Number of protein chains: 2
Amino acid sequence: MSTRREAVREALTTSSGFRSAQDLYADLRADGSKIGLTTVYRALQALSDAGEVDVLRTDEGEAVYRACDTESHHHHLVCRVCSTAVEIEGPTVERWAAEVGAQHGFTGVTHTVEVFGTCAECSRA
Amino acid sequence: MSTRREAVREALTTSSGFRSAQDLYADLRADGSKIGLTTVYRALQALSDAGEVDVLRTDEGEAVYRACDTESHHHHLVCRVCSTAVEIEGPTVERWAAEVGAQHGFTGVTHTVEVFGTCAECSRA
DNA sequence: GGCGAAAACGAAAATGGTTGTCAAAATTCT
DNA sequence: AGAATTTTGACAACCATTTTCGTTTTCGCC
């Protein structure tokens, strides 16, 4: 486990929302780090493979990452203005997805669920 | 409404799963059409703006399209092998997403839900 | 049918996020 | 210390998508 990867992990942890690889690279450089973009991508890939961060895609196809509090399966409620994300759990959805899959004879059913909105704070502005 | 756009729409309609722009381009060329890649992209953009097709992103960030039977809000159960998609509705999820958003003070809540699995036919193989 | 304006087309170039290459630098092992 | 291994980062390569721009087609109108 290298220092660089730790740096990326920390940059992610200190942020409350989803960040893109390019964002993180910019953050790290701004903090004086001499890290390279390639390394940021590699670190994110490794962290994501290890299941230590969640990944999803923006509507524009950009990959965004987030270090989550829990490693168990969960979803996110993301503010579309400030990108802050709240981790949410939904036994309801889990059950629903499994049922729907089973009804149609599908096996190995998984699902992706993301909820977007404008958070209370950003709504006020 | 041009002929080209119709061709793209039809190429989509005759397919039961999600197809990428490049896939459709290949299909159309294989059928002898002299359509350009640019036009395929433009047609898909237009159709998607008009709400006539659904768009989502693969894990690799590629945009995939599908002409759906209903124009109302719905989700998909997609086979991860043959990419066939079944349209599904879920009052349960709709309600859940709205509730979760409201509980955290979010406004203008929307959501994306996709369910993946291996369809009955592909499971057999 | 002919004409001109406007919309649609398509080839090629530009863009932008992401991945591959490879030599240099850092770390580990002995 | 010295060799072997891993990590790193500058740069080039990729690839889906978008932009550019000159050409072609379509449409409304005479």
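Protein chains get the first letters and strands the later ones, always in sequence-line order, with residue 1 at the start of each. Just so it is clear, the model here is predicted, and its values are computed rather than measured.
- If you measure from atom CG of Asp59(A) to atom P of dT18(D), you get 12 Å, rounded to the nearest angstrom.
- Counting heavy-atom neighbours within 6.0 Å of Glu10(B) CD, excluding the residue itself, gives a total of 12 or less.
- Regarding Tyr25(A), its OH atom lies at a distance of 10 Å from the P atom of dC11(D), rounded to whole Å.
- The separation between Arg4(A) atom CZ and dG9(D) atom C1' is 9 Å, rounded to whole Å.
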Just by protein heavy atoms under 4.0 Å, how would nucleotides 12-29 of chain C read 5' to 3' in B, S and -? B----SBBB---------
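- Rounded to whole angstrom, the span from the CG atom of Asp49(B) across to the P atom of dT18(D) amounts to 11 Å.
- Here dT17(D) presents its P atom at 11 Å from CG of Leu24(B), a figure rounded to the nearest Å.
- Ser33(A) and Arg29(A) get closest at one heavy-atom pair: O-CD, 3.5 Å.
- For the pair Arg4(B)/Lys34(B), a side-chain contact is recorded, criterion being any heavy-atom separation below 4.5 Å from C-beta on.
- By the side chain to side chain donor-acceptor pair (under 3.5 Å) test, His73(B) pairs with His75(B), Glu94(B), His111(B), sequence neighbours left out.
- You'll find the ring centres of Phe116(A) and His76(A) outside the 6.0 Å limit.
- As a whole-Å value, the separation of Arg5(A) CZ from dT6(D) P is 13 Å.
- In this structure, CG of Leu28(A) is placed 14 Å from C1' of dG9(D), rounded to the nearest angstrom.
- Regarding Glu6(B), its CD atom lies at a distance of 11 Å from the P atom of dC9(C), rounded to whole Å.
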Go through it in stages, so that I can follow the logic: the residues are Arg124(A) and Glu121(A), the test is salt bridge (Lys or Arg N to Asp or Glu O under 4.0 Å), and I'd like the CA-CA distance, side-chain angles, deciding distance and then a yes or no. CA-CA 5 Å; Arg124(A) 238 177 275 127; Glu121(A) 194 156 346; 5.5 Å; no
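- One finds a side-chain N or O of Thr39(B) lying less than 4.0 angstrom from the OP1 or OP2 phosphate oxygen of dG10(C).
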